[in-house]
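Worksheet for the structure shown next.
First listed ligand is number 1; within each ligand, the first listed atom is number 1.
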Amino acid sequence: MQSMRLVILDKYDDVSVWAAKYIRRRILAFKPGPDRYFTLGLPTGSTPLGTYKKLIEYYKAGNLSFKYVKTFNMDEYVAIPRDHPESYHSFMWNNFFKHIDIDPANANILDGNAVDVQKECDDYEKKIAAAGGIELFVGGIGPDGHIAFNEPGSSLVSRTRIKSLAQDTILANARFFGGDLSKVPHQALTVGVGTVMDAREVMILITGAHKAFTLHKVIVFNDTSLYR
Ligand code: GLP
């Protein structure tokens, strides 16, 4: 049976410390090694930045290693160059991967420039399965409640695929493209809701007053006692 735990903390920094400690605890308890990799699902966005900073601190202090960790990112824009400053490849490399000891070959991110995008998505699902599934999927949500780039209305059993971004998401993400809506990619490759839900555990980070109503909706939706 799946259950949801809600942890409410006062400040953004408290969320970052809590999340980073939790991730560290899960990785250490797993005792990863050459024949036993810990698989971690990861998001982009401003929300997890503090968590990544803390994890980098733990690595630098010798309290955590990513040598035997495989990561799978949630999503990537379609058709912006991999080295574009706002690509999720750049985001992950600059904000996390280049600061830790992960083997770049183990840091998986969808290729938004693949010629055959559906094949790229199908292969991603196969790679996750070959890695033994995701142990802990960390995610964020957009102001309209999207997880990765699964916009409202996405099927709860959806798998990795191409999605068009909702106007709300294009507006929300324009801040990363100099406020210019025309520069925000309109499509992305994203893991599905089903892909996330297959993980052994999911941790969604939600911060900021602008997401309070969305959080309220998430809790009401998950409170199965309301359906009885
Ligand atoms: C993007 C990403 C989501 C992320 C969301 C929220 O749309 N695809 O995975 O959760 O942004 O970003 P932020 O944390 O900056 O609010």
Side-chain angles (χ1 to χ4, degrees), residues 9 11-16 18-20 23 40-55 71-80 82 84-97 107-112 117 120-121 124 128 134 136-154 158-181 183-197 199 202-218:
L9 299 163
K11 294 192 296 284
Y12 175 86
D13 287 349
D14 298 342
V15 173
S16 303
W18 197 98
I23 295 166
L40 183 62
L42 292 176
T44 57
S46 45
T47 310
L49 279 175
T51 305
Y52 290 150
K53 278 208 182 97
K54 278 279 146 200
L55 289 172
T71 60
F72 287 89
N73 260 81
M74 297 191 122
D75 45 16
E76 174 59 290
Y77 290 120
V78 163
I80 62 171
R82 195 191 176 96
H84 185 288
E86 293 306 330
S87 79
Y88 287 175
H89 277 81
S90 299
F91 177 97
M92 289 308 296
W93 180 253
N94 292 327
N95 292 304
F96 194 35
F97 296 146
N108 299 282
I109 306 183
L110 284 153
D111 177 3
V117 287
E120 170 68 12
C121 293
Y124 204 65
I128 292 174
I134 308 268
L136 174 63
F137 220 134
V138 182
I141 62 167
D144 65 358
H146 69 250
I147 286 189
F149 273 125
N150 295 282
E151 297 290 9
S154 294
S158 49
R159 311 304 310 188
T160 306
R161 69 214 182 290
I162 186 165
K163 284 289 282 182
S164 293
L165 273 50
Q167 192 61 19
D168 275 355
T169 303
I170 293 171
L171 283 168
N173 289 1
R175 67 200 146 117
F176 300 117
F177 294 86
D180 184 346
L181 293 188
K183 293 215 171 102
V184 185
H186 286 204
Q187 289 186 308
L189 303 187
T190 178
V191 294
V193 182
T195 319
V196 176
M197 292 308 286
V202 179
M203 176 165 69
I204 302 295
L205 309 177
I206 306 176
T207 59
H210 64 302
K211 291 185 186 167
F213 184 64
T214 311
L215 173 60
H216 166 77
K217 289 276 198 186
V218 168

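Interatomic distance, CG of L165 versus CD1 of I170, reported as 5.5 Å (0.5 Å rounding). Between the OG1 atom in T207 and the CG atom in D14 there is a gap of 11.5 Å [rounded to 0.5 Å].
A donor-acceptor contact closer than 3.5 angstrom links the side chains of H146 and T169.
A salt bridge (Lys or Arg N to Asp or Glu O under 4.0 Å) check over residues 162-181, counting only residues at least two apart or in different chains, returns the pairs D180-K183.
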Using a 3.5 Å cut-off on N/O to N/O, what pairs does ligand 1 make with the protein? A line per pair would be great.
| unit_1 | atom_1 | unit_2 | atom_2 | d |
| --- | --- | --- | --- | --- |
| ligand 1 | 7 (O) | H146 | NE2 | 2.8 |
| ligand 1 | 8 (N) | D75 | OD2 | 2.8 |
| ligand 1 | 8 (N) | A148 | O | 3.2 |
| ligand 1 | 10 (O) | I141 | N | 3.4 |
| ligand 1 | 14 (O) | S46 | N | 3.2 |
| ligand 1 | 14 (O) | T47 | N | 3.0 |
| ligand 1 | 14 (O) | T47 | OG1 | 2.4 |
| ligand 1 | 15 (O) | S46 | N | 2.7 |
| ligand 1 | 15 (O) | S46 | OG | 2.6 |
| ligand 1 | 15 (O) | R175 | NH2 | 3.0 |
| ligand 1 | 16 (O) | K211 | NZ | 2.7 |

- request: Go through H89 and F97 one step at a time and tell me if the ring-ring contact (aromatic ring centres under 6.0 Å, His included) criterion holds.
  value: CA-CA 10 Å; H89 277 81; F97 296 146; 9.4 Å; no
Checking N173 against Y77 for the side chain to side chain donor-acceptor pair (under 3.5 Å) test, could you report, in this order, the C-alpha distance in whole Å, the side-chain angles of both residues, the deciding distance, and whether it holds? CA-CA 11 Å; N173 289 1; Y77 290 120; 3.1 Å; yes
